[in-house]
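Below is one structure, written out as structure tokens; the observations come after it.
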Amino acid sequence: MYDSLKKLLDKAYAPYSNFPVAAIVKTKDNKYFFGVNVENASFGGTICAERNALNSAIGAGYRSSDIQELHVLVNSTKHAYPCYLCRQTISELCNSDMIIKLYNIDNKVIEVKYDDLISFPFEKENLK
Ligand code: THU
């Protein structure tokens with residue numbers, strides 16, 4: 001997984017932050033979806049790697065119960081946890097039994113529990 005993430009990292013479009021991020025979603029039927037961060041001169045238009053990978057899986061027809069793993073690599077020796085917008089997206093598009101692994105550039109991996117990452121999300125029940 002690390003080698004695929006590392007290759008993917010080169011595709012990140014991060015001219016403003018110089019902080020490339022790569023993400024891979026694995027589905028239960030062994031399909032892989034890829035995402036990198038894509039920045040914009042209008043900074044709010046930036047999309048994170050995690051959301052790009054997850055949205056790509058959704059666009060292919062997969063849903064939360066199909067998504068098994070999310071892997072994220074940052075180009076830094078310091079691990080980075082997904083931003084809170086990505087956490088909100090994970091809460092919508094993934095189930096709590098998924099595996100989330102965070103890689104640093106030295107291939108040190110931290111596995112984080114969904115419930116530790118996502119506490120008190122805004123959810124569809126709130127809209128009823
Ligand atoms: N970024 C991600 O792709 N994922 C995260 O969870 C944190 C931040 C990106 C967004 C932006 O392009 C750059 O990292 C710096 O914030």
Side-chain angles (χ1 to χ4, degrees):
M1 190 55 75
Y2 174 78
D3 291 341
S4 303
L5 285 164
K6 186 90 193 317
K7 264 190 208 138
L8 186 60
L9 203 58
D10 291 337
K11 303 214 164 49
Y13 179 75
Y16 306 107
S17 70
N18 291 310
F19 189 79
V21 185
I24 298 178
V25 167
K26 179 181 176 289
T27 60
K28 287 180 184 164
D29 66 350
N30 296 317
K31 296 284 184 312
Y32 293 85
F33 293 90
F34 304 92
V36 293
N37 53 333
V38 179
E39 299 186 344
N40 195 287
S42 176
F43 294 163
T46 292
I47 305 180
C48 293
E50 295 92 320
R51 277 177 287 141
N52 271 335
L54 284 167
N55 289 347
S56 173
I58 295 299
Y62 291 93
R63 291 296 178 262
S64 56
S65 59
D66 305 314
I67 290 172
Q68 192 169 48
E69 298 173 13
L70 172 66
H71 301 262
V72 186
L73 170 68
V74 294
N75 189 20
S76 169
T77 52
K78 182 174 165 56
H79 286 87
Y81 291 92
C83 78
Y84 278 76
L85 192 46
C86 285
R87 296 185 198 203
Q88 179 64 29
T89 300
I90 291 167
S91 80
E92 177 84 27
L93 302 181
C94 303
N95 286 350
S96 60
D97 62 352
M98 78 179 306
I99 288 168
I100 303 169
K101 288 189 177 178
L102 308 175
Y103 301 68
N104 76 354
I105 201 61
D106 298 325
N107 195 13
K108 296 258 159 51
V109 187
I110 293 177
E111 184 168 342
V112 282
K113 290 198 185 74
Y114 176 104
D115 288 330
D116 288 337
L117 210 55
I118 294 156
S119 50
F120 307 114
F122 185 76
E123 48 202 0
K124 50 171 103 58
E125 284 68 30
N126 295 117
L127 298 175
K128 287 179 183 155

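Numbering of ligands and ligand atoms starts at 1, following listing order. Along the sequence shown, residues are numbered consecutively beginning with 1.
Using a 30° and 60° split on the angle between ring planes, Y13 and Y16 fall in the perpendicular class, above 60°.
With hydrogens and angles disregarded, no donor-acceptor distance shorter than 3.5 Å links the side chain of D106 to the backbone of K108. Under a 3.5 Å cut-off, the side chain of N104 and the backbone N or O of N107 do form a donor-acceptor pair.
Heavy atoms only, all atoms of each residue included: G61 and D66 are closest at O-OD2, 4.4 Å. Shown here for Q68 and T27, the closest heavy-atom pair between the two residues is OE1-O, 3.8 Å.
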Please produce the table of protein N or O atoms sitting under 3.5 Å from N or O atoms belonging to ligand 1, one pair a line, distance to 0.1 Å.
residue  : atom   : partner : partner atom : Å
ligand 1 : 3 (O)  : A49     : N            : 3.0
ligand 1 : 4 (N)  : E50     : OE1          : 2.8
ligand 1 : 4 (N)  : E50     : OE2          : 3.4
ligand 1 : 6 (O)  : E50     : OE1          : 3.4
ligand 1 : 6 (O)  : E50     : OE2          : 2.7
ligand 1 : 6 (O)  : C83     : N            : 3.0
ligand 1 : 12 (O) : N37     : ND2          : 2.9
ligand 1 : 12 (O) : E39     : OE2          : 2.5

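Between the CD1 atom of I24 and the OG atom of S4 there is a distance of 5.0 Å, given to the nearest 0.5 Å.
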